[in-house]
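Note on naming: letters A, B, ... go to the chains in the order of the sequence lines (proteins, then strands), and numbering restarts at 1 for each one.
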Number of protein chains: 2
Amino acid sequence: MRWRDLETADCPIARAMSILGDRWTLMILRDCFFGVQRFEAFQANLGLSRTILRDRLAHLVEAGILVQRPYQDRPVRYDYVLTAKGRALNGVMLMLGEWGRTAVEGQPETQIRHRHQTCGHILTPYVACAACGEEVVAKDVRAVRAIGSV
Amino acid sequence: MRWRDLETADCPIARAMSILGDRWTLMILRDCFFGVQRFEAFQANLGLSRTILRDRLAHLVEAGILVQRPYQDRPVRYDYVLTAKGRALNGVMLMLGEWGRTAVEGQPETQIRHRHQTCGHILTPYVACAACGEEVVAKDVRAVRAIGSV
DNA sequence: TTAAGTGCGTTTAGTTTATGGACTGACTAT
DNA sequence: ATAGTCAGTCCATAAACTAAACGCACTTAA
């Protein structure tokens, strides 16, 4: 199966993965959330090949997740910054980090956490339901095919 | 950079991606959450090559995300089912699906949603802070290096 | 008892992607 | 002038992925 056939899949996870589903894209976006904006910085942080970095950044721009913002002329150079669509990945990132932190063994002495500025605590994120505000756990959820949303 | 070097990274997202970060693994896990358990079913649903499927399932078992549960002898055949560690990915899946649904254009007529059994509504998931219960948005969050958690 | 089917894999050969390193180009700073 | 910075391209090699065929240990149907 060709990978980017998933773009038009019926399943939103499949559509998400058609954009995010390779070895580097989510790592690049993690760096974006940490404030990294420049080509050299991504490359130095991640250690991926420049060819791939170029390709992935271009895809992310094309997908509307990053925008190029010129920070100098002669020669023109761009920062890569998150769009609203990119910032909307915040929840995915937080949950992914939480899973990596709690579920994946391997105990580095320090780990990166987040502080929730509005309450001051170190963040432990969980997924809640917009309708009832309760925490959502796997067993309480059933997949349904929906037209519209209710 | 060699990919599985990330296993011991300091960043929990990097550690998560060392397991989940390829084109198919999260798609396989999505199917697991939808109840798929058998080799042929994964292969038919996803259309990936059998070679890769074998490899990915083996990795997921090795990582403790799936377990093989024999459902017949002669010849012995296994179901692949989520462990607690696997089920802990529920939040990631929900947020990934929500992002795919709301942020990725392309409007199939029907989409897969979830029903939140405890309140009966179609689920719109969001990420909340365990300390204060409020929704967590990108701008209210700052990365910190932490030893312990508080 | 032969034939067909099922389920899970392996093998093979060919294609696609990724990799690391050198290189270019347009500058700036010393 | 010389070195350094930054973003990117080019290239040869290496690794990953693919589709299709095949193998094996059965079960079921003819």
Side-chain angles (χ1 to χ4, degrees), chain A residues 1-7 9 14 17-29 31-32 35-63 65-82, chain B residues 1-7 9 14 17-29 31-32 35-63 66-81:
Chain A
M1 169 186 275
R2 286 212 314 280
W3 184 247
R4 299 206 190 251
D5 291 353
L6 293 177
E7 266 165 37
M17 293 310 289
S18 78
I19 297 174
L20 309 173
D22 78 283
R23 288 204 159 71
W24 291 113
T25 300
L26 276 167
M27 293 294 287
I28 292 170
L29 288 169
D31 272 19
C32 291
V36 176
Q37 299 187 319
R38 302 213 178 153
F39 190 94
E40 293 294 321
F42 289 115
Q43 210 267 317
N45 269 1
L46 300 176
L48 81 174
S49 73
R50 308 174 76 77
T51 323
I52 302 299
L53 179 56
R54 182 82 280 279
D55 182 74
R56 295 302 181 271
L57 288 171
H59 274 115
L60 286 167
V61 168
E62 192 191 347
I65 292 168
L66 300 179
V67 263
Q68 292 181 294
R69 200 175 54 187
Y71 69 87
Q72 67 169 39
D73 309 318
R74 295 190 316 280
V76 61
R77 285 289 137 83
Y78 300 99
D79 282 332
Y80 293 89
V81 316
L82 289 164
Chain B
M1 168 184 277
R2 284 212 315 281
W3 185 247
R4 302 210 186 248
D5 291 354
L6 292 177
E7 266 166 38
M17 293 309 289
S18 78
I19 297 174
L20 308 174
D22 76 282
R23 290 203 157 73
W24 292 113
T25 300
L26 277 167
M27 293 295 285
I28 291 169
L29 289 170
D31 271 19
C32 291
V36 176
Q37 300 187 318
R38 301 212 178 153
F39 191 93
E40 292 296 320
F42 289 115
Q43 210 266 317
N45 269 2
L46 300 175
L48 82 175
S49 73
R50 307 173 77 78
T51 325
I52 301 300
L53 178 56
R54 181 81 282 274
D55 181 75
R56 294 302 181 271
L57 288 172
H59 273 117
L60 287 167
V61 168
E62 193 191 349
L66 299 179
V67 265
Q68 292 181 295
R69 201 175 54 187
Y71 67 87
Q72 67 169 39
D73 308 319
R74 294 188 317 276
V76 61
R77 287 288 137 85
Y78 300 99
D79 281 333
Y80 294 89
V81 315

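- Between the CZ atom of A/R23 and the OG atom of B/S18 there is a distance of 11.0 Å, given to the nearest 0.5 Å.
- Contact check, B/R56 against D/dC17: a side-chain N or O comes under 4.0 Å of OP1 or OP2.
- Note: A/L26 CG to B/L20 CG = 9.5 Å, rounded to the nearest 0.5 Å.
- Computed from coordinates, the A/R38 CZ to D/dG8 P distance equals 12 Å when rounded to whole Å.
- For A/R56 and A/F42, the positive end is not near the middle of the six-membered ring at less than 6.0 Å and at most 45° from its axis.
- Here B/R50 lies in heavy-atom contact (under 4.0 Å) with a base.
- OP1 or OP2 of D/dC6 has not a single side-chain nitrogen or oxygen of A/Y80 nearer than 4.0 Å.
- When rounded to the nearest whole Å, the span between OH of A/Y78 and C1' of D/dA7 equals 11 Å.
- For the pair B/F39 CZ and C/dC8 C1', the interatomic distance rounds to 6 Å; values are reported in whole Å.
- B/Y71 comes within contact range of the sugar-phosphate backbone alone, with a heavy-atom separation under 4.0 Å but no base atom that close.
- In this structure, the CD1 atom of A/I52 is 4 Å from the P atom of C/dA18, given to the nearest Å.
- If you take CE on A/M17 and OG1 on A/T25, they are separated by 9.5 Å, rounding to the nearest 0.5 Å.
- Between the CG atom of B/L53 and the P atom of D/dC17 there is a distance of 13 Å, rounded to whole Å.
- Taking atom CG of B/L48 as the reference point, atom P of D/dA20 lies 14 Å away to the nearest angstrom.
- For B/R23 and C/dA18, the shortest distance from a side-chain N or O to OP1 or OP2 is below 4.0 Å.
- The distance between atom CZ of A/R69 and atom C1' of D/dC6, rounded to the nearest whole Å, is 17 Å.
- Going from atom CG of B/D31 over to atom CG of B/L46 covers 4.5 Å, rounded to the nearest 0.5 Å.
- Atom CZ in B/R54 sits roughly 4 Å away from atom P in C/dG9 (whole-Å rounding).
- Dashed line: the shortest gap from a side-chain N or O of A/W24 to OP1 or OP2 of C/dT17 is not under 4.0 Å.
- If you check C/dA26, C/dT19, D/dT18 against the side chain of A/T51, the one that comes closest is C/dT19.
- Across all strands, A/R74 comes closer than 4.0 Å only to sugar-phosphate atoms, never to a base (heavy-atom distances).
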